Amino acid sequence: MSLPEYVEVVTRQHTRLLHPKLVVLVVSIGKDGRANVMPAAWVTPVSVNPPLVAVAISPKRYTYKLIKESGEFTLNPVEATMLGLVEETGSTSGSEIDKFKAYGIESLTPLRVKVPCIRNSLACIECRVAAEYPCGDHSLFVGEVLAARVRRDAWKNSLYDLSKVRPLLHLGGEEYTSACKF
Ligand SMILES: Cc1cc2nc3c(=O)[nH]c(=O)nc-3n(C[C@H](O)[C@H](O)[C@H](O)COP(=O)(O)O)c2cc1C
C-alpha cells in the first residue's frame with residue numbers, strides 16, 4: 001500500500017483545511033432596534049461551564065458594529081434547505097438593506113436577549129458578549145450563552161437527528177456540503 005503524499009498550501013489557506021464547518025446565521029440589532037443577519041462559519045463552543053461560544057467577525061461587517069452597539073447576538077445554525085438565504089445574506093450588507101424585509105426572514109421571539117432568533121433555523125443560541133479579542137483581520141467575540149433552543153423535529157437523544165435534518169456545512173468559497181451519520 002502506498003503512503004499518501006502531501007502538497008504544501010499557502011499558509012492563508014489553513015482556514016480551508018479546517019472546513020467544512022456548520023453555517024450559522026448571526027443576528028444582531030442596532031440602537032434603533034432594527035435586526036440584521038449574516039452567515040458565519042467561524043463559530044465554536046469554547047466552554048461548557050460557564051457556557052461560552054466564540055464567533056470570529058471581521059470589523060468590516062455591519063454585524064460587527066451592531067454587536068459592539070448592543071452587546072448581544074443570536075446564533076442560528078441552518079439546514080441545507082436554507083442555502084439560498086445564506087447566499088443572499090452573505091453577499092449583502094445590513095448597512096445598505098434591511099435583510100429581514102428584503103428576504104422575508106421570519107423572526108422568532110428570543111427568550112433572554114433583545115436580539116431575535118430566526119424561525120425555521122435548526123436552533124437558536126442567545127448570547128451576551130463576555131469578551132472581545134481582536135485577531136488579525138477578524139475579531140473574536142466570546143458570548144455567554146443565556147438561552148438555547150432546538151427544533152423538536154431536529155433533535156434526538158441530545159444530538160441533531162441526521163435522519164430528519166441536513167445541517168448546512170461550508171466547505172469554502174461558494175461550495176457547501178452536509179453531514180451524514182456513520
Ligand atoms: C458561508 C459563509 C460563511 C461566512 N463566515 C463568516 C465568518 O465566520 N466571519 C465573518 O466575518 N464573515 C463571514 N462571512 C461573510 C459575511 O457573512 C458577509 O460579509 C456578510 O455580507 C456580512 O453582512 P453584514 O455587513 O450585514 O454584517 C461568511 C459568508 C458566508 C457566505
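Atoms within a ligand are numbered from 1 in the order they appear, just like the ligands themselves. Any value given below was found using the heavy atoms of this structure, including those in side chains, with hydrogens, waters and symmetry copies removed. Everything quoted here is computed from the prediction, not taken from an experiment.
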(request) Identify the heavy atoms of V46 and A54 that sit nearest to each other, and give their distance. (result) CG1-CB, 4.0 Å

(request) Could you list the residues that satisfy side-chain hydrogen bond (donor to acceptor under 3.5 Å, both in side chains) with Y64, not counting sequence neighbours? (result) E132

(message) I need the atoms of ligand 1 closer than 4.0 Å to a non-hydrogen atom of T92, numbered in the order shown.
(response) 20 (C), 21 (O), 23 (O), 26 (O)

(request) Indicate yes or no: does an N/O atom of R61 lie under 3.5 Å from an N/O atom of ligand 1? (result) yes

Show me the side-chain donor-acceptor pairs of residues 5-28 shorter than 3.5 Å, one per line, residues at least two apart or across chains.
from : atom 1 : to   : atom 2 : distance (Å)
H14  : ND1    : T11  : O      : 3.0
H19  : ND1    : H170 : O      : 2.9
H19  : NE2    : W42  : NE1    : 3.0

(message) Give me the atom names and distance for the closest heavy-atom approach of C127 to V145.
(response) SG-CG2, 4.4 Å

(request) Of all the heavy-atom pairs spanning I67 and V129, show the shortest one and how long it is. (result) CG2-CG2, 3.6 Å

(message) I want to check something: taking the side chain as every heavy atom from C-beta on, are F73 and T63 in contact at a cut-off of under 4.5 Å?
(response) no

(message) Are any of the N/O atoms on G94, whether in the backbone or the side chain, positioned under 3.5 angstrom from an N/O atom of ligand 1?
(response) yes

(request) For Y62, take its heavy atoms, then give the atoms of ligand 1 lying under 4.0 Å from any of them. (result) 24 (P), 25 (O), 26 (O), 27 (O)

(request) Among all protein heavy atoms, pick out the one at the shortest distance from atom 27 (O) of ligand 1; state its residue, atom name and that distance to 0.1 Å. (result) T63 OG1, 2.6 Å

(message) Regarding ligand 1, does P39 bring an N or O atom to under 3.5 Å of one of the ligand's N or O atoms?
(response) yes

(message) Treating K99 as the side-chain partner and T89 as the backbone partner, does any N or O pair qualify as donor plus acceptor under 3.5 Å?
(response) yes

(request) Would you check if K164 and R151 make a side-chain contact, meaning some heavy-atom pair closer than 4.5 Å? (result) no

(request) Starting from atom 25 (O) of ligand 1, find the nearest protein heavy-atom neighbour and note its residue, name and distance. (result) S93 OG, 2.8 Å

(request) For A40, take its heavy atoms, then give the atoms of ligand 1 lying under 4.0 Å from any of them. (result) 4 (C), 5 (N), 6 (C), 7 (C), 8 (O)

(message) Quick check on A41 - does any of its heavy atoms sit under 4.0 Å from an atom of ligand 1?
(response) yes

(request) With heavy atoms under 4.0 Å as the rule, classify the contact between A56 and ligand 1 as side chain, backbone, both or neither. (result) backbone

(request) Flag the pair E126 / R149 as yes when at least one side-chain heavy-atom distance between them is below 4.5 Å, and no otherwise. (result) yes

(request) Can you sort out which atoms of ligand 1 are near I57, meaning under 4.0 Å from one of its heavy atoms? (result) 11 (O)

(request) Distance to 0.1 Å, residue and atom name: give those for the protein heavy atom nearest to atom 18 (C) of ligand 1. (result) G90 O, 3.4 Å

(request) Check each atom of ligand 1 against the heavy atoms of N36 and keep those under 4.0 Å away; list them by number with element. (result) 24 (P), 26 (O), 27 (O)

(request) Measure the distance from atom 31 (C) of ligand 1 to every protein heavy atom, then report the residue, atom name and distance (to 0.1 Å) of the closest one. (result) Y176 OH, 3.5 Å

(message) As an exercise, identify every atom of ligand 1 less than 4.0 angstrom from a heavy atom of T89.
(response) 20 (C), 21 (O)

(message) Please give me the minimum heavy-atom distance between K114 and E72, naming the atom from each residue.
(response) N-OE1, 2.8 Å

(request) Record the part of K99 in heavy-atom contact with ligand 1 below 4.0 Å; permitted values are side chain, backbone, both and neither. (result) side chain

(request) Taking only heavy atoms of S58 into account, list the atoms of ligand 1 that are under 4.0 Å away from them. (result) 11 (O)

(message) Tell me whether Y64 reaches ligand 1 (any heavy atom closer than 4.0 angstrom to a ligand atom).
(response) no

(request) Side-chain contact test, heavy atoms from C-beta onward, threshold under 4.5 Å: evaluate it for I57 versus S139 and give yes or no. (result) no

(request) Considering the heavy atoms of W42, write down every atom of ligand 1 situated less than 4.0 Å from one of them. (result) 8 (O)

(message) I need the contact type for E87 against ligand 1. Using non-hydrogen atoms and a strict under-4.0 Å cut-off, is it side chain, backbone, both or neither?
(response) neither

(request) Decide yes or no for Y160 and P77: does some side-chain heavy atom of the first lie under 4.5 Å from some side-chain heavy atom of the second? (result) yes

